[in-house]
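Before any comments, here is the structure.
Counting starts at 1 for both ligands and their atoms, in listed order.
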Amino acid sequence: MNHYADLKNQLLELRNISSAVALLIWDQEVKMPKGGASQRAKQVASLSGMHHSKSIEMLGTLLPKVEQEEWDQLSDWDHRNLKQLRKDYDKIKKLPNEYIKAVSQASSEAQHVWIEARKKSDFSLYQEKLQQMIDLKIKQTEYMGYEDNPYDVLLDDYEPEMKASAVQKVFEDFKPELLKVLSAIREAPQVDESFIKQEIDEDSQWKFGEEVLSRMGFDFNHGRQDRSVHPFTLTIHPEDVRITTRLDKNDIREMLYSSVHEGGHGIYEQGLPMAHLGMPACEECSLSIHESQSRLWENNVARSLEFWEYYFPQFAKLFPDSLKGKGPEDVFAAVNLVQSSPIRISGDELTYHFHIMLRFELELALINREIKVADLPALWNKKMKDYLGIDVKNDAEGVLQDIHWAHGNIGYFPTYSLGSFYAAQFMQQARKEMPLDEQFRNGEFSPLKSWLNENIHSKGKLWSAEELCEQITGETLNVKHFVNYAKDKYSRIYPSANLT
Ligand code: CO
């Protein structure tokens, strides 16, 4: 078994390099003075380049030897690790070096132009660069090859094994259900959220957020929380996981739900099997499974009535005057308000998914050359009107709002919605096995955290998302669990709406 042991050791060495890169990037986003930027970019590029070339060289030598000489003596876990490594290696080998350079060049140019275009709210400034990026992504699908849809190639980078047709089917089942729920909610009397928009000093907010994170099971001995404009999670390795949050002193919901969301991502990373560091077994299953963990804590737990039944007394101490005469059910309503917005990241738990469907439909059509980049603003605005009844005022609050496409992240958006759907399905299963409502009311979140550790986090990337979901819940992704969850939750907030 000499080659396999050698392979594992070398992967661990490589992992040390990527951990160092992660720390450089964390520092860049959280602490670094502005003037450090250009040298930092060079440091990151050197180390990443070193990592890339060493991985290719090492896998090219050792992988075939292990596969040919040692396969039969290895375990199931080892086989899955090796299949993943083979898949990653074959993927990299199919893309010529000049192509990889062209994408990275196009991405930094597109990002630059996107910032400018968004500032001026003028899509025409960005059109050419975006078209260039789309053409490059189409080229990727040609290099890689595909059976059904070129989009499958791009989706696979974020959601291994998932097909465009499967995503389409999920959204088709979901769309009419969501429209029904939303129109019933729109006709019901709206909820009051004004009492929650009160000034609370930053220190008190911070302490409250850390208390919630600790109770969820985020391990501050193996992680920390800092401030940033855009909250994110960055893992140095599972024993050192960094999350960030933002603070709005007039609306504690900003801090709380950013902290809990990133905390969910962080708990996933802290739960990966450290014994396999460097191997696929110690990586996340897929982006949608990652997002299922953040959304599960954010929406299914911290936006539940039972969560607020436990936290209301502590919460009320933060702003006793405006919470006078209020109860947990008022906070529950105020944190679950449904309100259409043209901006995706301001979307609530329901309307959010229309933002994703819109982007998915446009991406899919672009990659299949059914539409042109020049058509995007008009198509975007029409879908916004059809789905959410919103008149988009300008490109900045429409087609220019996200940076994903400039970075070449096409096939990424659907993972956000899939994450919510997986979360609902996992929670449905966990609820069968444990009295979650009662536990939440008592402030006990560790049984749920342990369940997630055991069923999801500790499995790393050994299975695809669909395989994992089937093992846990007995079926592959089924959006009906999310629909049932949404009907149940929102019928409590909008009792006069007929949601069934
Ligand atoms: Co997230």
Show your working on salt bridge (Lys or Arg N to Asp or Glu O under 4.0 Å) between D156 and K163 and close with a plain yes or no.
CA-CA 8 Å; D156 194 78; K163 300 277 180 254; 5.8 Å; no
Which one of Y158, F413, W114, F360 satisfies the ring-ring contact (aromatic ring centres under 6.0 Å, His included) criterion with H404?
F413
ring-ring contact (aromatic ring centres under 6.0 Å, His included) partner of F482, the single match among F426, F174, F171, Y422:
F174
Once rounded to 10 degrees, what value does the angle at the Co ion (ligand 1) take between NE2 (H261) and NE2 (H265)?
90°
Of the backbone and side-chain N, O or S atoms of H290, does one lie nearer to the Co ion (ligand 1) than 2.8 Å?
no
Hey, is the Co ion (ligand 1) within less than 2.8 Å of some N/O/S atom on E291?
yes
Ring geometry between Y416 and Y412 (parallel below 30°, tilted from 30 to 60°, perpendicular above 60°):
tilted
